[in-house]
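Working notes for the structure below.
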Amino acid sequence: MTYPVLEIANKILSFGVSEQGGGELISNMKLQKLLYYVQGFHLAIFDEPLFEDEIEAWMYGPVVPSVYERYQSNGYNGIRPEREPIMLQTEEENLFNEVMRIYGDYSALGLMNLTHREFPWRSTATGKGNVIAKCKLQEFFRTRIA
């Protein structure tokens with residue numbers, strides 16, 4: 001099932017401030033990279049996107065432009081969730097929590113460095129409007145599933 005990208009972004013922000021997420025406000029840069037990881041693993045496991053919005057290969061890594069613009073005014077500051085997070089279907093919720101458990105501990109710069117070493121970002125020209133194909137995400141993240 002697909003969800004509105006701003007609902008998934010809010011879910012990531014809510015995870016960050018939760019006890020499970022360490023009570024951290026997540027920056028826009030970190031949010032962008034976490035959207036990339038939850039989308040990639042969702043595509044790999046469920047054969048469909050978690051959200052329909054495209055991810056682009058910008059200079060500092062993967063970005064969902066609509067989410068970036070929504071929180072751009074926050075600069076490098078952490079972002080507060082706007083509402084209670086949505087619940088995903090059980091298997092999707094479990095996958096989301098696992099991805100956040102693994103990647104949520106990284107800093108924004110740590111995530112940027114990870115994404116810069118990965119095929120989907122490396123194989124896409126960088127710049128606004130340069131979409132990282134969902135098939136690249138799916139193919140790459142399938143290699144990351146145990």
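We number each residue from 1, following the sequence as shown.
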Inset, instruction - Output the distance between atom CD (E56) and atom OG1 (T124), rounded to the nearest 0.5 Å. - result: 10.5 Å
Legend entry - Carboxylate-amine/guanidinium proximity below 4.0 Å for E139 and R142: no
Inset, instruction - First locate atom CG of L34, then atom OH of Y103, and finally report the distance between them rounded to the nearest 0.5 Å. - result: 10.5 Å
Inset, instruction - With the side chain counted from C-beta on, respond yes when L25 and N77 share a heavy-atom pair under 4.5 Å apart, and no when they do not. - result: no
Inset, instruction - Can you sort out the partners of Y68 under ring-ring contact (aromatic ring centres under 6.0 Å, His included), two or more places apart, ordered by chain and number? - result: W58
Inset, instruction - Report the relative orientation of the aromatic rings in Y37 and F141; use parallel for angles under 30°, tilted for 30 to 60°, perpendicular for over 60°. - result: perpendicular
Inset, instruction - Evaluate the side-chain proximity of L6 to R70: yes if any heavy-atom separation is below 4.5 Å, no if none is. - result: yes
Legend entry - Path from L111 to I102 over hydrophobic side-chain contacts below 4.5 Å: yes
Legend entry - Side chain to side chain, I79 and I26, heavy atoms closer than 4.5 Å: no
Legend entry - Donor-acceptor contact present, side-chain E7 to main-chain P85, <3.5 Å: no
Inset, instruction - Please examine the side chains of F41 and Y36, heavy atoms only from C-beta on, and report whether any two atoms are closer than 4.5 Å. - result: no
Legend entry - Shortest non-hydrogen contact from G61 toward T115: CA-OG1, 4.0 Å
Inset, instruction - Please report the C-alpha distance between D53 and S66 in whole Å, then the side-chain angles of each, then the deciding distance to 0.1 Å, and finally whether the side-chain hydrogen bond (donor to acceptor under 3.5 Å, both in side chains) criterion is met. - result: CA-CA 8 Å; D53 294 54; S66 62; 3.0 Å; yes
Inset, instruction - Decide yes or no for E54 and K134: does some side-chain heavy atom of the first lie under 4.5 Å from some side-chain heavy atom of the second? - result: yes
Inset, instruction - Quick one: pull up CE in M100 and OG in S18 and give me the separation to the nearest 0.5 Å. - result: 8.0 Å
Inset, instruction - For Q32 and N28, test the side chains for any donor-to-acceptor distance below 3.5 angstrom and give the result as yes or no. - result: yes
Legend entry - Linked, directly or transitively: L50 and M87 (ILVMFWY side chains, under 4.5 Å): no
Legend entry - Any donor-acceptor N/O pair, K30 side chain to Y106 backbone, under 3.5 Å: yes
Inset, instruction - Quick one: closest heavy-atom pair of P49 and L43, and the distance? - result: N-CD2, 3.5 Å
Inset, instruction - Hey, could you give me the CG/CD distance between D47 and Q138, rounded to the nearest 0.5 Å? - result: 5.0 Å
Inset, instruction - State yes or no: do F46 and V38 share one hydrophobic cluster built from I, L, V, M, F, W and Y residues joined by side-chain heavy-atom distances below 4.5 Å, directly or via other members? - result: yes
Inset, instruction - Could you state whether Y76 and L31 fall into the same hydrophobic cluster, counting links through intermediate Ile, Leu, Val, Met, Phe, Trp or Tyr residues with side-chain heavy atoms under 4.5 angstrom apart? - result: no
Legend entry - Side-chain hydrophobic cluster, 4.5 Å single linkage: members besides L109: M29, M59, Y60, M112
Inset, instruction - Just do the side-chain hydrogen bond (donor to acceptor under 3.5 Å, both in side chains) check on S123 and K136 with the steps written out, would you? - result: CA-CA 9 Å; S123 65; K136 283 184 184 180; 3.1 Å; yes
Inset, instruction - To the nearest 0.5 Å, tell me how far F140 CZ sits from R122 CZ. - result: 8.5 Å
Inset, instruction - Identify the residue among T2, V67, V64 that makes a side-chain contact (heavy atoms from CB on, under 4.5 Å) with F51. - result: V64
Legend entry - Under 3.5 Å: donor-acceptor pair, side chain of N130, backbone of A57: no
Inset, instruction - List the steps and the verdict of side-chain contact (heavy atoms from CB on, under 4.5 Å) for N74 and Y71. - result: CA-CA 6 Å; N74 288 76; Y71 299 115; 4.1 Å; yes
Legend entry - Minimum heavy-atom distance between I55 and L35, given as atom pair plus value: CD1-O, 4.3 Å
Legend entry - Sub-4.5 Å side-chain heavy-atom contact between L88 and I8: yes
Legend entry - Test item: F119 and T143 side chains (from C-beta on) under 4.5 Å apart, heavy atoms: no
Inset, instruction - For a side-chain hydrogen bond (donor to acceptor under 3.5 Å, both in side chains) with Y3, tell me which candidate from E92, H42, K11 qualifies. - result: E92
Inset, instruction - First locate atom CG of N113, then atom CD of E118, and finally report the distance between them rounded to the nearest 0.5 Å. - result: 11.0 Å
Legend entry - Side-chain heavy-atom pair V63, K33 within 4.5 angstrom cut-off: yes
Inset, instruction - Indicate the ring-plane relationship of H116 and W121, choosing parallel, tilted or perpendicular according to the 30° and 60° boundaries. - result: parallel
